[in-house]
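Okay, structure first, notes after.
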Amino acid sequence: MSAVVQLEDIHKTYDSGEVPVLAVRGVTLDIGAGEFVAVMGASGSGKSTLMNLVGCLDRPTRGRYLLSGADVAGLDRNQLADLRNQKLGFVFQGFNLLARTTARENVELPMLYGRRRFSSREIHERALHSLDLVGLTPRADHFPNQLSGGQQQRVAIARALINEPQVLLADEPTGNLDSKTAVEIMGVFQRLNDQGITIVMITHELDIARYCKRSLIMRDGRLVSDTPIADRLVSAGEMKKILAAEAEAKLTA
Ligand code: ADP
Ligand code: MG
């Protein structure tokens, strides 16, 4: 198993306030290609800080980070932005979609901001392919306010997939969703993971973590537990329902 993410004694201290906050305190961790990892822990334990470091949104105070074997420490801001755009996909709790923009156009955005130039036809086709991966082709021309919360999160996932990232990073992606919709979203992630994409997901809900393959627990900035999930739940039925609904919507469209 080749490691996609390698953290060696990573620390992050925030120095902005009166007292420094030791948000991450010496995390060493390997995540291999094809893994599906849940990061758990109480509020304030350092989960989002760790995710931001893995996502190259922030730099560690100390320690070494190799992404696909390459040390990211030497990269400047532009190189980091390129790396994020090409290798990483991000999904957040609030879906962060542009309101006056269709689902397809929202999904296209990372292709427009990347350094590589694509034809509008290629962008269009890849956006539709991405929407297809999350079962949303029939909703491509809908605006966010015409979509349910679960559908909006699926648009955000499609957007994260458009540049075919190696790793999908999700920070509490089901935090704004009811439990049934949350399981649906886990079905989408499981299907993507089955297709080979590596996923690292923060959640504080044990019920949700049980759809992942490995669980990490953070406490006070440290990794205190790292275990495979033996009794993993499968949400395949939920994804089947999504795809069946999509097929029906295609027929009636
Ligand atoms: P979690 O995601 O597990 O809730 P965070 O990583 O957001 O935890 O926060 C870890 C600690 O770092 C908390 O004490 C939080 O208040 C602090 N923290 C997070 N972001 C910042 C920041 N930008 N500046 C200062 N302190 C921060
Ligand atoms: Mg957080």
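Since the model is a prediction, treat every value here as computed from it, not as a measurement. Whatever order the structure lists them in is the order used to number ligands and atoms, beginning at 1. Residue numbers count from 1 along this sequence.
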Q | Backbone or side-chain N or O of Gly46 under 3.5 Å from ligand 1 N or O | A | yes
Q: Answer with side chain, backbone, both or neither: which part of Val21 has a heavy atom less than 4.0 angstrom from an atom of ligand 1?
A: side chain
Q. Within 45° of the ring axis of Phe118 and under 6.0 Å from its six-membered ring centre, is that where the NZ or CZ of Arg126 lies?
A. yes
Q: List the atom of Lys47, the atom of Val39, and the distance in Å for their closest heavy-atom pair.
A: CD-O, 3.8 Å
Q) What are the two closest non-hydrogen atoms of Tyr65 and Leu53, and how far apart are they? A) CE2-O, 3.4 Å
Q: Identify whether the distance between the nearest side-chain nitrogen and carboxylate oxygen of Glu35 and Arg214 falls below 4.0 Å.
A: yes
Q: Answer yes or no for atom 16 (O) of ligand 1: protein heavy atom present at a distance under 4.0 Å?
A: no
Q: Would you check if the Mg ion (ligand 2) lies under 2.8 Å from any N, O or S atom of Thr49?
A: no
Q) Considering all heavy atoms of both residues, which atom of Val91 and which atom of Pro173 are nearest to each other, and what is their separation? A) CG1-CB, 4.0 Å
Q: Would you kindly specify which portion of Ser16 sits under 4.0 Å from ligand 1, judged on non-hydrogen atoms: side chain, backbone, both or neither?
A: side chain
(Q) Quick check: closest heavy atoms across Asn193 and Ile197, and the distance to 0.1 Å? (A) ND2-O, 2.9 Å
Q) Does any N or O in the side chain of Asn163 come within less than 3.5 Å of the main-chain N or O of Asn85, such that one atom is a donor and the other an acceptor? A) yes
Q: Measure the distance from atom 9 (O) of ligand 1 to every protein heavy atom, then report the residue, atom name and distance (to 0.1 Å) of the closest one.
A: Thr49 OG1, 3.9 Å
Q: Identify the two heavy atoms, one from Cys212 and one from Met201, that lie closest to each other, and give their separation to 0.1 Å.
A: SG-CE, 4.1 Å
Q.
Among all the protein's non-hydrogen atoms, which is closest to atom 19 (C) of ligand 1, and how far away is it?
A. Tyr14 CE1, 3.4 Å
Q: Pick, from Gly44, Gly17, Gly221, the option with the minimum heavy-atom distance to atom 10 (C) of ligand 1.
A: Gly44
(Q) Please compare Lys47, Met51, His204 and report which has the shortest non-hydrogen distance to atom 3 (O) of ligand 1. (A) Lys47
Q. Ala42 heavy atoms, cut-off 4.0 Å: which ligand 1 atoms fall inside?
A. 3 (O)
Q | Nearest non-hydrogen protein atom, atom 7 (O) of ligand 1 | A | Ser48 CB, 3.8 Å
